Amino acid sequence: MQKKCVAEIKDRDLVEAVFLVKEKIVAMAKNGKPYLTLKLMDKSGEVDAKVWDNADQVGALFDRNDFLAVRAKASVYLGKMQLIVSELKKVPDDSVDLADFLPETDRDIEAMVEELHALVAGVKDPDLARLLSSFFHDPELLAQYRVAPAAKGMHHVYLGGLLEHSLAVAKLVDAMVPLYPGLNRDLLVAGALLHDVGKVREMTYLRCFDYSDEGKLIGHITIGAEMLHERITALPGFPAELAMLLKHMILSHHGQYEYGSPKRPKTLEATILNYLDDLDSKINGIRTHIRKEPDNPSRWTSYHRLYDRYFFKENSLPEEELELSPAAGLEPSELMPQTVEASVPVLSPSSAPEQGAPRRERPEAPRGGQERKSFSNNPFAALKNGKE
């Protein structure tokens, strides 16, 4: 039986399809024989693949970001689907439609753009309204912002992910502002929409998602602060203190130095942005991790390297409500009851290592005197060292 997309592949299927090569690694078996380990993808997902024979010769035929016509046998190994490749052939770029190979948001991008414009129109502070309009009424900037992914490997890793994530953080802002009188709602909305704007230049997404040279050398936080400064400079009379507060939010939104943040949050709005950004990214990242293993019969996921744990997949909802699709179009009040158990603050994704191969399960308690990785951004951890 032939399958045309990753999402359709089942155990023991005979697969004959075209995929995009996301990763290509030459490894060595225990007997000293080289083999290829690949990650193949289309818009429906990605799947691991192995080439056991003639790895050197076969590997010379293609590279990462190439399209391959593949014949393979599917099998489930350690709860994850993989392909054992028997034949492959490089496919010319002009014979495929790139849109068939890049994952994209489940939400309607045009509807999200309308939502974005509605948020901008709802900002009452005239200076912040001018600033947001200068960003999102710029056709070139908006064209990038609406399709860019939010990250390479940890959360919202699909076209439209940056826009989806930014809107979600803005919705969380509006959900919590009524709970805490005195918050600057307009400043928080501006921070939500602009905190990751630098990713339009940090990320490349015309093939497999990766980092640009500018992204690797400078990073989206600094890029975003530079973009903000350029826009503010072009707006006559923009208040210097308001500019400083918004720049601080962008520079501190990762929360801690070890997570790539040049500054730690030192205003209430910056602290809120840090945690709401972290919350939405973790919910999406955990859900994505669960969805990647539809063939895993266990009630637990495979080991997640970044979070240093396995996740229990059940939440006691009736079976018809267990669909793990993104909460597209939901208001925060509708979203929160289903996500509260996954909303513990965790490590910031954009500065953490990529997810790797599963490991054997191990106890949750620390061993050998080593401190376990934290699932929390603790803003007070450095106080004992006398910092700030």
Side-chain angles (χ1 to χ4, degrees), residues 1-11 13-25 36-51 58 61-74 80-113 143-165 199-200 203-212 284 287-289 291-295 323-326 328 354-355:
M1 182 178 182
Q2 296 180 357
K3 297 292 179 180
K4 293 186 177 180
C5 68
V6 169
E8 295 177 341
I9 298 174
K10 303 297 181 185
D11 190 24
D13 278 346
L14 297 177
V15 178
E16 186 171 352
V18 176
F19 300 104
L20 176 61
V21 181
K22 182 179 181 180
E23 295 179 8
K24 172 190 172 186
I25 300 173
L36 290 176
T37 180
L38 311 175
K39 192 174 290 293
L40 305 176
M41 65 179 290
D42 58 29
K43 71 182 301 178
S44 72
E46 56 190 49
V47 62
D48 293 334
K50 295 287 192 293
V51 179
V58 173
L61 301 177
F62 68 96
D63 209 339
R64 184 174 179 272
N65 281 328
D66 283 340
F67 295 98
L68 293 182
V70 170
R71 288 183 180 177
K73 177 71 177 290
K80 294 183 66 176
M81 187 66 66
Q82 71 172 8
L83 302 180
I84 305 302
V85 178
S86 57
E87 296 182 42
L88 59 79
K89 176 183 175 183
K90 184 177 176 180
V91 175
D93 293 357
D94 57 8
S95 67
V96 300
D97 183 355
L98 187 59
D100 292 334
F101 296 90
L102 295 180
E104 60 183 354
T105 175
D106 292 332
R107 296 197 59 190
D108 182 272
I109 290 182
E110 293 301 331
M112 287 198 293
V113 170
Q144 298 171 315
Y145 188 86
R146 60 183 278 156
V147 298
K152 178 184 175 182
M154 293 317 305
H155 71 98
H156 299 86
V157 188
Y158 40 77
L159 299 179
L162 173 60
L163 176 56
E164 181 183 315
H165 169 58
K199 289 184 177 180
V200 301
M203 304 291 298
T204 61
Y205 39 90
L206 295 180
R207 287 292 183 88
C208 297
F209 301 154
D210 206 343
Y211 295 104
S212 65
N284 181 271
R287 283 180 158 177
T288 298
H289 184 60
R291 285 199 302 270
K292 281 182 176 180
E293 304 175 355
D295 298 287
E323 178 63 34
L324 287 172
S325 60
E354 297 294 322
Q355 178 182 344

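Note that the structure is predicted; figures quoted are calculated from it, not measured. Side chains included, hydrogens not; waters and symmetry mates left out as well; all remaining heavy atoms used.
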I want to check something: taking the side chain as every heavy atom from C-beta on, are [X] and [Y] in contact at a cut-off of under 4.5 Å?
X    : Y    : result
E104 : L102 : no
L20  : C208 : yes
V18  : F101 : yes

Identify the two heavy atoms, one from [X] and one from [Y], that lie closest to each other, and give their separation to 0.1 Å.
X    : Y    : value
K43  : A99  : CD-O, 3.5 Å
A7   : S44  : N-OG, 3.0 Å
D210 : R64  : OD2-NH1, 3.5 Å
Q82  : I84  : NE2-CD1, 3.7 Å
K152 : V157 : O-CG1, 3.1 Å

Starting at [atom1] of [X], measure out to [atom2] of [Y] and round the result to the nearest 0.5 Å.
X    : Y    : atom1 : atom2 : result
T37  : I25  : OG1   : CD1   : 6.0 Å
K199 : Y205 : NZ    : OH    : 12.5 Å
F67  : D97  : CZ    : CG    : 9.0 Å

Spell out, as yes or no, whether a donor-acceptor pair under 3.5 Å connects the side chain of [X] to the backbone of [Y].
X   : Y    : result
D13 : A74  : no
D42 : D100 : no
K24 : F62  : yes
S86 : R71  : yes

Quiz item: With under 30° as parallel and over 60° as perpendicular, where do the rings of H165 and H156 fit, or are they tilted in between?
Solution: tilted
Quiz prompt | Positive for side chain to side chain contact (heavy atoms under 4.5 Å, CB included) with V15, one of V85, I9, V70 | solution = I9
Practice problem: Have a look at F19 and tell me which of L83, L88, L68, V91 forms a side chain to side chain contact (heavy atoms under 4.5 Å, CB included) with it. | Solution: L83
Practice problem: Could you list the residues that satisfy side chain to side chain donor-acceptor pair (under 3.5 Å) with T105, not counting sequence neighbours? | Solution: E164
Quiz item: What pairs with E46 under side chain to side chain donor-acceptor pair (under 3.5 Å), at least two apart in sequence or on another chain?
Solution: K22
Self-check item: Residues D93 and R207 bridged, charged N to O under 4.0 Å
Solution: yes
Quiz item: Are E23 and K39 ion-paired here, with the side-chain N under 4.0 Å from a carboxylate O?
Solution: no
Quiz prompt | Partners passing side-chain contact (heavy atoms from CB on, under 4.5 Å) against V113 (at least two apart in sequence or in another chain) | solution = I109, H117, L142, R146, L163
